[in-house]
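Right, one structure below, let's go through it.
Worth saying up front: this structure is predicted, and the values here are computed from it rather than measured.
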Amino acid sequence: VSHLVRCCCRRAPASRPPSPLLVGGILTRTSGASSCKATLDPRNNALSMVVAWSKLAAGLAMILAAESKTIPTSLPTETTLIQYYDKGYTGTIPTEFGKLTKMAACTLASNALTGTLPTEMGRMTRMKSLFEVWGNHLTGTIPTEVGLMTKVTDEFQFFSNSFTGAVPSQIGMLSVMTHKLTFGYMSLNGELPTQLGQLSLMQSIFQFPYNDLSSTLPTELGNMVKMSSEFEIFANDFTGVPPTELGRLSEMVVDFYISSCKMTGALPTEIGNMVKISTGFSVIKNDFCEDLPTEVAVLSSQVTDWTVTTGNQFGTACCVTLPSQYPTCAPSMLPTVTPQPTVSFEPSAAPSAAPTFEPTKGPPPFTLSGEQIVGIAIGSVIVLAALFLVGKHYLCPGWKMCGSSKHHFDPRRKSERNPDGTRVTSNLNKTPKGGKGLSGFAGAVEFKDNPMSDQSGKDVGEIDARTNYA
């Protein structure tokens, strides 16, 4: 060492200006080789050399200590604001921060902090805005306890760290978030939580780029209907078809980026609902197929920074680009060539023979001849007449008229009976047996063109007469 110092002292020019040297915390100046020779003369004993170099090492350690500092661990519990942005802090975040339960805003961004994010920070339940730990060297997983900061409205930022693991689903509890939810440029993996769909008040800067997130995009992202700028989830490992619900982000104006992922299939036509977008639209470097929807293509005329086709296969059927997912192509709706009918003058095949079975033999259908019909009609009349007479006999005994309380002599009949059962004939010249005659009757008896007969039954002529009997 003394030899090296001696060589350096020899080469130092005499005209060299004095240079500062911090030894043992005291700033001194040396000039030229003489000072070097006087201070570190190799002729001195070894003990003096050790002392000199130990003083130099101590000075360098104090310089490094002055340049580095750690976050203080003892802060008043009434603290409501911490602003440690870009202060050069190193080391870890103290767990004592969990005692600062009245904290409303806290930024530890752009430092050189290491270690994990303490779970105790979830006790800062009064946090309203500006919770930032981005731009550090924090590792491990993001603690689920950060979801307890349910009053945070904006600037909840974790990007540019070395966090790993899944995105906590508890972030969906920050339902009043409106701006700056950033988890990009890290090594997060797994699925994007469906609970993020509960952040329906988000308006700008929803960022998860440059991670290792996988699986399909949750349809619940379509609930962020107020998003207007910086919806960025590019450079991940998402798969499948983008959900049609992304078309509900119709207020987008600036930066819709879902590029550089591994999504496939046809781009949803619903994305064409973003009719207000003017700057930044990118879906490149996926594996989209089929035609670019017309509803999306028309947006290109109004958007600057429009990147769509690179790395995709628009215009090619998905069954060609992804045969494992789309094994068969759908047939075309119309034939590509109009078929021409074939003219044939002869039948192409012999006509089929007559049926091989014979109809089942049986009796002929039921038919009636004219004579049978007449006979049936006459028989029906006779039956009806007989029924009429029988009914009259039982319903009107003694030939009484139905409903009449008096007996009426009917001169048109050959005979009639008296109430006592003796027969009364209609022959006026003869007195019926028993001598009753027409006694016992009252009323009028009318004889008109009535045939009369004697007791032997022989007709004796007709008589017209009207006789009143009392």
Side-chain angles (χ1 to χ4, degrees), residues 116-117 119 122 131 133-134 138-150 152 156-175 177 180-202 205-227 230-249 252 255-268 270-271 282-289 311-312 318 322 324-326:
T116 60
L117 188 65
T119 59
F131 182 81
V133 295
W134 60 267
L138 299 176
T139 58
T141 59
I142 299 174
T144 59
E145 286 78 4
V146 298
L148 299 176
M149 303 179 186
T150 56
V152 176
F156 197 70
Q157 305 192 82
F158 290 72
F159 68 93
S160 295
N161 277 288
S162 298
F163 287 121
T164 57
V167 178
S169 61
Q170 289 78 1
I171 294 177
M173 299 170 62
L174 310 180
S175 57
M177 279 291 298
K180 293 187 180 181
L181 183 72
T182 59
F183 287 81
Y185 304 94
M186 297 188 287
S187 298
L188 301 177
N189 53 44
E191 300 179 357
L192 204 58
T194 60
Q195 289 81 355
L196 294 180
Q198 299 175 20
L199 309 181
S200 58
L201 300 180
M202 283 296 298
I205 312 180
F206 178 85
Q207 296 177 335
F208 285 83
Y210 284 103
N211 281 291
D212 299 318
L213 300 173
S214 57
S215 190
T216 57
L217 290 178
T219 59
E220 289 79 2
L221 293 180
N223 294 336
M224 301 181 186
V225 295
K226 296 184 178 182
M227 280 295 297
E230 298 186 53
F231 182 89
E232 301 175 353
I233 57 173
F234 60 89
N236 277 286
D237 296 327
F238 295 119
T239 58
V241 181
T244 58
E245 286 78 4
L246 290 180
R248 299 179 61 190
L249 277 58
M252 286 298 300
D255 294 349
F256 177 80
Y257 290 146
I258 60 173
S259 55
S260 299
C261 293
K262 298 179 181 178
M263 289 183 284
T264 59
L267 193 66
E270 288 79 1
I271 293 180
S282 180
V283 297
I284 62 172
K285 296 182 181 180
N286 282 285
D287 203 7
F288 295 131
C289 47
N312 290 305
C318 291
L322 301 168
S324 60
Q325 300 182 30
Y326 302 88

Where [X] and [Y] come nearest, the two heavy atoms and their spacing:
{"X": "N312", "Y": "K285", "answer": "ND2-N, 4.1 Å"}
{"X": "S214", "Y": "F238", "answer": "O-CD2, 3.6 Å"}
{"X": "N286", "Y": "M263", "answer": "OD1-N, 3.2 Å"}
{"X": "P242", "Y": "T264", "answer": "CD-O, 4.0 Å"}
{"X": "V133", "Y": "N161", "answer": "O-ND2, 2.9 Å"}
{"X": "P143", "Y": "L117", "answer": "CG-O, 3.7 Å"}

Looking at [atom1] of [X] and [atom2] of [Y], how far apart are the two atoms once the value is rounded to the nearest 0.5 Å?
{"X": "F131", "Y": "K180", "atom1": "CZ", "atom2": "NZ", "result": "16.0 Å"}
{"X": "D255", "Y": "F234", "atom1": "CG", "atom2": "CZ", "result": "9.0 Å"}
{"X": "L249", "Y": "F256", "atom1": "CG", "atom2": "CZ", "result": "7.0 Å"}
{"X": "M227", "Y": "M202", "atom1": "CE", "atom2": "CE", "result": "5.5 Å"}
{"X": "M252", "Y": "L246", "atom1": "CE", "atom2": "CG", "result": "10.5 Å"}
{"X": "F288", "Y": "C261", "atom1": "CZ", "atom2": "SG", "result": "8.0 Å"}

Donor-acceptor pairs under 3.5 angstrom involving side-chain atoms of residues 182-198: please list them, not counting sequence neighbours.
from	atom 1	to	atom 2	distance (Å)
T182	OG1	Q157	OE1	3.3

key: ring-ring contact (aromatic ring centres under 6.0 Å, His included) partners for F163, two or more places apart   =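 F163 satisfies ring-ring contact (aromatic ring centres under 6.0 Å, His included) with no other residue.
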Close side-chain approach of K226 to L201, heavy-atom, < 4.5 Å =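 Yes, side chains in contact.
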Side chains of I171 and L181 in contact at under 4.5 Å (non-hydrogen atoms) =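 Yes, close enough: below the 4.5 Å cut-off.
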request  = Apply the test side-chain contact (heavy atoms from CB on, under 4.5 Å) to residues M177 and V152: give CA-CA distance (whole Å), side-chain angles for both, the deciding distance (0.1 Å), then the verdict.
outcome  = CA-CA 6 Å; M177 279 291 298; V152 176; 3.7 Å; yes
request  = State whether the number of non-hydrogen atoms from other residues, nucleotides or ligands found under 6.0 Å of Y210 atom OH is greater than 12.
outcome  =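 Counting neighbours around OH of Y210, 12 or fewer heavy atoms of other residues, nucleotides or ligands fall under 6.0 Å, so no.
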ask   = Hey, is the main chain of L221 close enough, under 3.5 Å, to the side chain of N223 for a donor-acceptor pair?
value =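 No, the answer is negative, given that no donor and acceptor are paired below the 3.5 Å cut-off.
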inquiry  = If the test is side-chain contact (heavy atoms from CB on, under 4.5 Å), which one of Q207, E230, E232 qualifies with Y257?
reply    =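 Testing Y257 for a side-chain contact (heavy atoms from CB on, under 4.5 Å) against Q207, E230, E232 leaves exactly one candidate, E232.
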